[in-house]
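Report on the following structure.
Hydrogens, waters and symmetry mates are skipped; everything else that's a heavy atom, side chains included, is used. Here is how names work: the chains are called A, B, and so on, in the same order as the sequence lines, proteins then strands, and each is numbered from 1. Bear in mind the structure is a predicted one, so any value in this text is a computation, not a measurement.
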2 protein chains.
Amino acid sequence: MNLRAPVTLLDVAQRAGVSVATASRVLNGGDRVPRPELQERVRAAADALGYTPNAQAQALAKSSTNVVGILVHDIEDPYFAAIANGVMRAADERNLLVMLASTFRDAEREIAYLASLRAQRARAAVMIGSRRTDAESLARTASEVGSFLNSGAGLALVSQSGMPAHTIEPDNRAGAAELARSLAGLGWRKFGILGGPEALATARDRRDGFLAGLADSGLEPVAVEYGDFTRDGGYAAAEELLDRGADVDCLFAVNDVMAVGAMSALRARGIDVPGRLGVAGFDDIATLRDVWPGLTTVRLPLEQMGRRALELAIEGGEPSVETFKAEVVLRESTARA
Amino acid sequence: MNLRAPVTLLDVAQRAGVSVATASRVLNGGDRVPRPELQERVRAAADALGYTPNAQAQALAKSSTNVVGILVHDIEDPYFAAIANGVMRAADERNLLVMLASTFRDAEREIAYLASLRAQRARAAVMIGSRRTDAESLARTASEVGSFLNSGAGLALVSQSGMPAHTIEPDNRAGAAELARSLAGLGWRKFGILGGPEALATARDRRDGFLAGLADSGLEPVAVEYGDFTRDGGYAAAEELLDRGADVDCLFAVNDVMAVGAMSALRARGIDVPGRLGVAGFDDIATLRDVWPGLTTVRLPLEQMGRRALELAIEGGEPSVETFKAEVVLRESTARA
DNA sequence: CGCGTTTCGGGATGGGCTTTCCGATAAGGT
DNA sequence: ACCTTATCGGAAAGCCCATCCCGAAACGCG
């Protein structure tokens, strides 16, 4: 109502005829609660004046905030969006404010952002996304992670290990292995694998798990092709593999978006799925539930993982590792005639 | 390195043998720059100690922050993710930190969150998503918006009007009208419309635009069915419409996710698209690029819109309205045999 | 060589709030 | 009725930093 008048606690206190101490006690409901009558007066004054506490000042005074950070590679990627959503829901329940940043897969940005969070005295942070195994940036990240934890803030990582912080790990190997066995059980035999960047642990684990699952069934892949961890990466890898004339009957892409890209590549060439080629992915992204044929995949409880990550990050304590089970979901894209 | 030692600017100053004033001047590069030698010393001291400025204190001291807020209905919805992404990129370029919240379509949450941003003394905020026309919550939101602006922060709205703030408005009516004419041009005649909640301006505008476009072609819709603005809403509305036995040959859903839901409903009933029924959506969500048949839709420059929203929000100034043109994209889902 | 002027470092203040510590008052005990 | 305890409000000391302002030193010029 009043133009640009920063109402302070002092204003409220004066209007209510009490000291700032009392006003503060009333409004933040802290340790000691003043007499009801005073509470009344203070509260009345507060909203008569339209008082809004200055969160910065509060944070400074009690040297702690209610801000938590989330780092994702790319918020447009539904995989990250799903996990971030879980984190945000959990944060909302705890009345925490969320700072979110897309690192655009840039390690420098990631580090810089973590530093910003430290500067903000964030209470905790959740880092989502597969760690690249580039030794140098790994070391620098580890260092910043160290500083972050040292500052007293909590930290949890999703899908990345090797850092001295809480870790949420989807069971990529087991899930992929299970998928391989399921597909073999359906009768598929000649597998092509569309792998992600070798530097991404997640991509590697899923590939390795799949290989292990195939081995369990006495099989080995006909071809392996690598591409970006994205839709376009999947598209390109599938084309590449086809161009090489690989004799495959089923494709496994290490994540859903790649799988969907691959399906588009196949469609562009008039290759029927699953008639001539089966396709499977990993993650069970909700947004892709409606692609046709329905994508066989491995379901991860993404939102759950996000929730849990926040919990762990806030709790603090000794670094722990929690593994989330993955579950094979068979759909039309690998149905046998 | 040192455990839990909050190193302050004073520490740095002392170690460097200068005053805090000097240290501050060196480290934030402000107006006056101290002599090179001192700069050297200060900087050395700073990173020897692993100094991180306390953003809260800085904010308090200069009473301004580098935090901006984003409010979306649901970050998992790729529509919001795309716009938010644009905002975040623009923020990143300006070295601004982003606080993001999903309101889960709850007006109360939205208001509360806006208040939090105010408490944080956020420099600006971007609200994304269609305003509901419920008079009461509208009024309360307007009030909070007023307070927010009054606090000196900038604000921009995407896809919502009626607030005294900068507004980014996709040209829903024109786009939908154009789509209707295009579809009519292709030979479709008996249209069914899958509308969103009547309270959502965006949904209404698109429906009305489509109606207008049809009228231009001397047509009117055979049936109109309403559902949630979500995938499931589209699915349900399509089923409903079909159950009513409406004699349609083409479905227009007021957004892509609804359209995709509708396509799934059709598929479940063995209705061929576009053989027996054409389907069109709105937004041109990137993640849905790979659904098959490719979805005819109206493209919105979502990332652009997000970017621009942030710019406007930061610039401040008199409320303005910017309209972004929408562009019809014809794909296989409405191809005529 | 003296004066005015500019440059530059430091002391001190303030920004808004929380919290410790004190003193005062009311309640309780004998 | 007096002393002990608990109760409760207020004054003030921070929290960490930016910045205003002052004084001193360096510089320029006549």
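- Closest contact between the side chain of A21(A) and the listed nucleotides dG14(D), dA11(D), dG15(C) involves dA11(D).
- Summarising the geometry, the separation between CZ on R35(B) and P on dT6(C) is reported as 21 Å, rounded to the nearest angstrom.
- At a threshold of 4.0 Å, the pair R307(B)-E311(B) does not count as salt-bridged, since none of the basic side-chain nitrogens sits closer than that to a carboxylate oxygen.
- An OP1 or OP2 oxygen of dA18(D) is reached within less than 4.0 angstrom by a side-chain nitrogen or oxygen of N28(B).
- Two residues, S63(B) and G17(B), neighbour DNA chain C, and the one matched to the more 5' nucleotide by heavy-atom proximity is G17(B).
- No cation-pi contact links R118(B) to Y113(B), judged by a cut-off of 6.0 Å to the six-membered ring centre and 45° from its axis.
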For this session: Show your working on side-chain hydrogen bond (donor to acceptor under 3.5 Å, both in side chains) between S159(B) and Y79(B) and close with a plain yes or no.
Result: CA-CA 12 Å; S159(B) 262; Y79(B) 171 79; 3.3 Å; yes
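- For the pair A23(A) and P36(B), nearest-nucleotide mapping onto DNA chain C gives the more 5' position to P36(B).
- When the P atom of dG9(C) is taken as reference, atom CZ of R41(B) falls 10 Å away, rounded to whole Å.
- Distance Q56(B) CD to dG15(C) P: 19 Å, rounded to the nearest Å.
- Taking the charged nitrogens against the carboxylate oxygens, E110(B) and R105(B) have no contact shorter than 4.0 Å, which rules out a salt bridge.
- Less than 4.0 Å separates DNA chain C from no heavy atom of any residue of residues 8-16 of chain B.
- Cation-pi check for R89(A) over F104(B) is met; the charged atom lies under 6.0 angstrom from the ring centroid and within 45 degrees of its normal.
- Surrounding CD of E315(B) are more than 12 heavy atoms belonging to other residues, nucleotides or ligands, all under 6.0 Å away.
- Atom CG of L60(A) and atom C1' of dG16(C) are 9 Å apart (whole Å).
- When distances are taken from the side chain of K62(B) to each of dT19(C), dG14(C), dT19(D), the shortest belongs to dT19(D).
- Q39(A) and R35(A) form no side-chain donor-acceptor contact under 3.5 Å, judged by distance and modelled atom types alone.
- In this structure, R25(B) atom CZ and dC20(D) atom C1' are separated by 10 Å, rounded to whole Å.
- Residues passing the ring-ring contact (aromatic ring centres under 6.0 Å, His included) test with F229(A): none are found, sequence neighbours excluded.
- The interatomic distance linking R121(A) (CZ) with dC15(D) (P) rounds to 13 Å, in whole Å.
- Side-chain nitrogen and oxygen atoms of N54(A) include none within less than 4.0 Å of the OP1 or OP2 phosphate oxygen of dG15(C).
- To the nearest angstrom, C1' of dT7(C) lies 13 Å from CG of L38(B).
- The side chain of S24(A) places an N or O atom within less than 4.0 Å of a non-bridging phosphate oxygen (OP1 or OP2) of dT18(C).
- Of the candidates dT19(D), dG9(D), dC17(C), the closest approach to any side-chain atom of T22(A) belongs to dG9(D).
- In this structure, L27(A) atom CG and dG16(C) atom P are separated by 16 Å, rounded to whole Å.
- In this structure, Q58(A) reaches the dT18(C) phosphate: one of its side-chain N or O atoms is under 4.0 Å from OP1 or OP2.
- For V20(A), the listed nucleotide lying nearest its side chain is dA12(D); candidates were dC16(D), dG10(C), dA12(D).
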